[in-house]
Amino acid sequence: GAVEEGASIICVAGVEGAEGKFEVIDGLEVPEGRTVCTIANILAKDNKALEEVEEAWICRDKGFNCVWVSDALYKSGNDPVEHPGAIINSMRAKSSVKYASPKARSGKGEGAREYLGDILM
């Protein structure tokens with residue numbers, strides 16, 4: 001596959017849900033001494049809920065190194081509480097879908113003060 005040919009980044013796009021995305025990278029064999037970055041592309045859903053935040057947490061827990069969420073950041077439009085920065089903070093928060101709500105609320109109250117990493121634009 002791609003990794004054997006030298007790919008160091010695998011982006012899973014066009015697949016619905018965290019489980020479907022995980023199936024693509026499940027069993028990925030990385031040769032010793034190599035590192036492969038796995039990216040999950042999370043699209044905006046057609047509702048007011050923040051399912052994208054929850055999907056980011058699930059993808060993290062399943063082993064993805066990062067998520068691509070550009071479309072989902074602007075779903076709430078001009079909402080003063082759920083602005084793109086608050087959604088990024090919520091996605092970065094180390095929370096669990098079992099114990100936390102994906103409601104961003106400026107990134108506060110979303111679990112431990114640990115972060116997934118930096119999101120670059």
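Along the sequence shown, the residues carry numbers beginning at 1.
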The reported gap from CD1 in Ile10 to CD1 in Ile25 (rounded to nearest 0.5 angstrom) is 9.5 Å
Do side-chain atoms of Arg34 reach the backbone of Glu4 as a donor and acceptor pair under 3.5 angstrom? no
Tell me the closest heavy-atom pair linking Val3 and Pro31, and the distance in Å. CG1-CD, 3.7 Å
In this structure, which one of Val67, Val69, Leu43, Ile42 forms a side-chain contact (heavy atoms from CB on, under 4.5 Å) with Glu52? Ile42
Under a single-linkage rule joining Ile, Leu, Val, Met, Phe, Trp and Tyr whose side-chain heavy atoms are separated by less than 4.5 Å, which residues share a cluster with Ile39? Ile9, Trp68
Validation: residues 13-24 side-chain donor-acceptor distances under 3.5 Å, sequence neighbours left out:
from: Glu19; atom 1: OE2; to: Lys62; atom 2: NZ; distance (Å): 3.2
from: Lys21; atom 1: NZ; to: Val15; atom 2: O; distance (Å): 2.6
from: Lys21; atom 1: NZ; to: Asn41; atom 2: O; distance (Å): 3.4
from: Lys21; atom 1: NZ; to: Glu55; atom 2: OE2; distance (Å): 2.8

Note: Asn65 and Val36 closest approach over all heavy atoms is OD1-O, 3.5 Å
